Amino acid sequence: NTPGLTLRGRGELSEPQMRTRLARRKYTDEEINAAVCRLIEERALDDRRVARACARTEAGIKHRGRLRVVRQIESLGIDRETAREAVAEVFGDIDEPALLERALDRKLRHGDNLEDRKTVERVQRYLLAQGFEGSRIRAIIEQRRFHSRETRAKSRP
């Protein structure tokens, strides 16, 4: 049984993740280096592929913003440049304003009112933590507040 192949069979791993898992299983540095080199050569281990897969999951399924996605990829041990390239590629196909809208809608689904200062602060913290840019967050909240006021004004007799 060759180190790395059974671990690789359980899903995509970055090179640092593979090294950590092999070390936990008490393989020597020499065995780890040989296994990692062979897996890279065979294209079974590819940090760029892992970064793109992570970016697609974080943005497409978890609805997270660019900054959070980059941090998540880096947490896999993948370098910042590779993380940013993957995010740029994946976000090239994503409607970011719509992604932010969906994240805001999820946070407001309990009928929260953006006229309440504490609610706005809580929503802003949440969206920042999800990796969206502060300026975009402020703009969408102001837009929602404006539309909410307009709707209320039109409904008055």
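Small disclaimer: the values here were computed from a predicted structure and weren't measured. In what follows, every heavy atom counts, from backbone to side chain, and hydrogens, waters and symmetry copies are set aside.
Atoms CD and CZ, on Glu101 and Arg144 in that order, are 4.5 Å from each other to the nearest 0.5 Å. Remark: Leu127 CG to Arg106 CZ distance equals 9.0 Å, nearest 0.5 Å. Here the CD-CG distance, from Glu74 to Leu76, works out to 10.0 Å after rounding to the nearest 0.5 Å. Once rounded to the nearest 0.5 Å, the distance linking CG of Asn33 with CZ of Arg38 reads 12.0 Å. A distance of 9.0 Å separates CG of Leu108 from CG of Asn113, quoted to the nearest 0.5 Å. Going from atom CZ of Arg125 over to atom CD of Gln130 covers 13.5 Å, rounded to the nearest 0.5 Å.
In the hydrophobic clustering of this structure, Val70 groups with Ile78; members are Ile, Leu, Val, Met, Phe, Trp, Tyr whose side-chain heavy atoms approach within less than 4.5 Å, directly or through other members. The hydrophobic cluster containing Leu45 also contains Tyr27, counting ILVMFWY residues as joined when their side-chain heavy atoms lie under 4.5 angstrom apart, directly or transitively. Both Leu39 and Val36 are part of a single hydrophobic cluster, where members link through side-chain heavy atoms under 4.5 Å apart. Criterion: ILVMFWY side-chain heavy atoms under 4.5 Å apart, direct or through other members. Under it, Tyr126 and Leu128 are part of a common hydrophobic cluster.
Put simply, the side chain of Asp46 never gets that close to the backbone of Ile40: no donor and acceptor are under 3.5 Å apart. Between the side chain of Glu142 and the backbone N or O of Ala139, no donor-acceptor pair lies under 3.5 Å. A distance-only check finds no donor-acceptor pair linking the side chain of Arg68 to the backbone of Phe132 [under 3.5 Å]. Arg145 places a side-chain N or O within donor-acceptor distance of the main-chain N or O of Leu114, the cut-off being under 3.5 Å.
Nearest approach of Asp47 to Glu15, heavy atoms of both residues: OD1-N, 2.7 Å. Heavy atoms only, all atoms of each residue included: Arg64 and Val69 are closest at O-CG2, 3.9 Å. The minimum heavy-atom distance between Ile137 and Leu100, with the atom names listed, is N-CD2, 4.2 Å. Of all the heavy atoms in Ala55 and Ile73, the pair that sits closest is CB-CD1, 3.9 Å. Smallest separation of non-hydrogen atoms from Gln72 and Ser75: O-OG, 2.6 Å.
For the pair Glu31 and Leu22, the minimum side-chain heavy-atom distance is 4.5 Å or more. Val123 has its side chain within reach of Thr119: a pair of non-hydrogen atoms, C-beta onward, lies under 4.5 Å apart.
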With salt bridge (Lys or Arg N to Asp or Glu O under 4.0 Å) as the test, would you mind laying out the steps for Arg66 and Glu133 before giving the verdict? CA-CA 8 Å; Arg66 283 179 184 259; Glu133 294 177 23; 5.8 Å; no
Set out, in order, the CA-CA distance, both residues' side-chain angles and the distance that settles side-chain contact (heavy atoms from CB on, under 4.5 Å) for Lys107 and Arg122, then state yes or no. CA-CA 9 Å; Lys107 192 64 181 169; Arg122 183 174 38 78; 3.6 Å; yes
Determine, stepwise, if the pair His63 / Glu58 fulfils side-chain contact (heavy atoms from CB on, under 4.5 Å). CA-CA 6 Å; His63 309 291; Glu58 291 293 309; over 6 Å; no
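With hydrogens and angles left out, the side-chain atoms of Ser14 and Gln17 include a donor and acceptor closer than 3.5 Å.
Within 6.0 Å of CD on Glu41 lie no more than 12 heavy atoms contributed by other residues, nucleotides or ligands.
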Scan the side chains in residues 82-95 for donor-acceptor partners under 3.5 Å anywhere in the protein, sequence neighbours excluded, and list what turns up.
{"residue": "Thr82", "atom": "OG1", "partner": "Arg48", "partner atom": "NH1", "Å": "3.3"}
{"residue": "Thr82", "atom": "OG1", "partner": "Asp79", "partner atom": "OD1", "Å": "2.8"}
{"residue": "Thr82", "atom": "OG1", "partner": "Asp79", "partner atom": "OD2", "Å": "3.1"}
{"residue": "Asp95", "atom": "OD1", "partner": "Ala98", "partner atom": "N", "Å": "3.4"}

